[in-house]
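Structure first, commentary second.
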Amino acid sequence: MLQKKPRLSVIPLFSMAMVMASAAYGSPLAKTVSAAPAAATASAVSVTAATASVTASGIPTVVQSTCMACHGMQGIAADGGMFPNLAGQWKPYLLRQLDHFKTHVRADPQSPIMWGMAAPLTAAQMQQVADYFSSQKPASGHVYDPKLVAEGKKLYFGGLPDKHMPACMACHGATLAGLPPYFPRLAGQKRTYVINQLTYFKSGQRVATHKGIMQYVASRLNPKQITALAAYIRSR
């Protein structure tokens, strides 16, 4: 059952966005934020990765047998928007999402696929998957439509003040590198995947995000703006 979209007041949302922005740019708060992943993934970290096997070439067996078919051996997914690129994604964020899939906390139209994939994974295997994909080279950016990219860039850095929507950079950073464990790397992510996820956030079909920020942000965007943002994200 999907959760109801939270009601957020504008002032707390902007305050949170600015706090996350200050953390991303090196304020003392960054140390506090960076400590969160350890607490969030304590169960996974406490289990040594040695209990999960690797292939002769050093690739975790679980990646080869379970992950590569959709996300690619190096974390660069095949063309299409169903499966995201994982290469270079923050390890704490990957662990958090795997846990949310395993416990069905993350719910959107495509989540049942990952529910089944994550169900049999041990804590050590999830640690291996996150270690492996986070260490891979991220996908390169690609510009398909310069005009659309420019429109998306304006939204990313300026937000929509008239609709009380903060700039995306407040949480995902000027380089789109994100801030773990809550805010993922966006740079180079697939356009269709980004469009799908923003649409799910907007409709309330994707839930369980930090403080409901993404549901709020996406609710302010129209389809054209979502497409523009996806184009900019893919270009980086």
Side-chain angles (χ1 to χ4, degrees), residues 33-140 171-173 176-190 192-194 196-197 200 206-210 214 233-234:
V33 175
S34 63
T41 61
S43 61
V45 174
S46 66
V47 182
T48 63
T51 61
S53 63
V54 298
T55 66
S57 58
I59 299 172
T61 303
V62 65
V63 169
Q64 189 173 65
S65 64
T66 306
C67 309
M68 67 168 289
C70 297
H71 299 287
M73 186 61 78
Q74 277 73 48
I76 306 297
D79 290 340
M82 183 175 290
F83 308 115
N85 292 332
L86 301 181
Q89 186 58 268
W90 290 100
K91 180 170 71 173
Y93 182 78
L94 291 173
L95 284 170
R96 182 178 173 84
Q97 294 307 302
L98 282 171
D99 179 68
H100 282 183
F101 282 128
K102 190 177 180 71
T103 57
H104 297 191
V105 170
R106 177 167 169 177
D108 63 56
Q110 296 174 4
S111 287
I113 298 173
M114 279 302 302
W115 291 352
M117 294 297 172
L121 298 182
T122 66
Q125 287 174 322
M126 289 194 291
Q127 180 76 13
Q128 271 201 318
V129 169
D131 281 337
Y132 178 76
F133 284 125
S134 66
S135 68
Q136 300 304 302
K137 183 179 178 180
S140 300
C171 295
H172 294 283
L176 287 74
L179 180 69
Y182 302 115
F183 307 114
R185 173 188 176 85
L186 298 181
Q189 192 55 267
K190 294 185 172 299
T192 306
Y193 180 78
V194 174
N196 285 345
Q197 296 307 307
Y200 296 155
R206 179 171 172 180
V207 296
T209 63
H210 189 56
M214 282 307 304
I233 288 169
R234 181 65 184 92

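To the nearest 0.5 Å, atoms CD (Gln89) and CZ (Arg185) are separated by 8.0 Å. The CG atom of Leu94 lies 11.5 Å from the CE atom of Met126; values are rounded to the nearest 0.5 Å. Summarising the geometry, atom CE belonging to Met68 is positioned 13.0 Å from atom CG belonging to Leu86; distances are rounded to the nearest 0.5 Å. Expressed to the nearest 0.5 Å, how far SG of Cys67 lies from CE of Met117 amounts to 8.5 Å. Of the inter-residue distances, the one linking Asn85 atom CG with Gln136 atom CD reads 12.0 Å to the nearest 0.5 angstrom. The OH atom of Tyr193 sits 10.5 Å away from atom CG of Leu186, with the distance rounded to the nearest 0.5 Å.
Judged as a side chain to side chain contact (heavy atoms under 4.5 Å, CB included), and not counting sequence neighbours, the contacts of Ser57 are Thr55, Ile59. The side-chain hydrogen bond (donor to acceptor under 3.5 Å, both in side chains) check on Thr61 picks up Ser53, with sequence neighbours excluded. Under the rule for a side chain to side chain contact (heavy atoms under 4.5 Å, CB included), the partners of Pro60 that lie at least two apart in sequence or sit in another chain are Val62, Val63, Gln128, Tyr132. In terms of the side chain to side chain contact (heavy atoms under 4.5 Å, CB included) criterion, residue partners of Gln110 (sequence neighbours excluded) are, by chain and number, Met82, Asp108, Asn196, Gln197, Tyr200. With sequence neighbours left out, the side chain to side chain contact (heavy atoms under 4.5 Å, CB included) criterion links Pro112 to Trp115.
Here the side chains of Ser111 and Phe101 are in contact, with some heavy-atom distance below 4.5 Å. For the pair Asp131/Lys91, a side-chain contact is recorded, criterion being any heavy-atom separation below 4.5 Å from C-beta on. Taking the side chain as every heavy atom from C-beta outward, Arg106 and Arg206 approach each other to under 4.5 Å.
Closest of all the heavy-atom pairs between Phe83 and Lys190 is O-CD, 3.6 Å.
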Open item on the list: Walk me through whether Arg234 and Gln189 qualify under side chain to side chain contact (heavy atoms under 4.5 Å, CB included).
Closed with: CA-CA 5 Å; Arg234 181 65 184 92; Gln189 192 55 267; over 6 Å; no
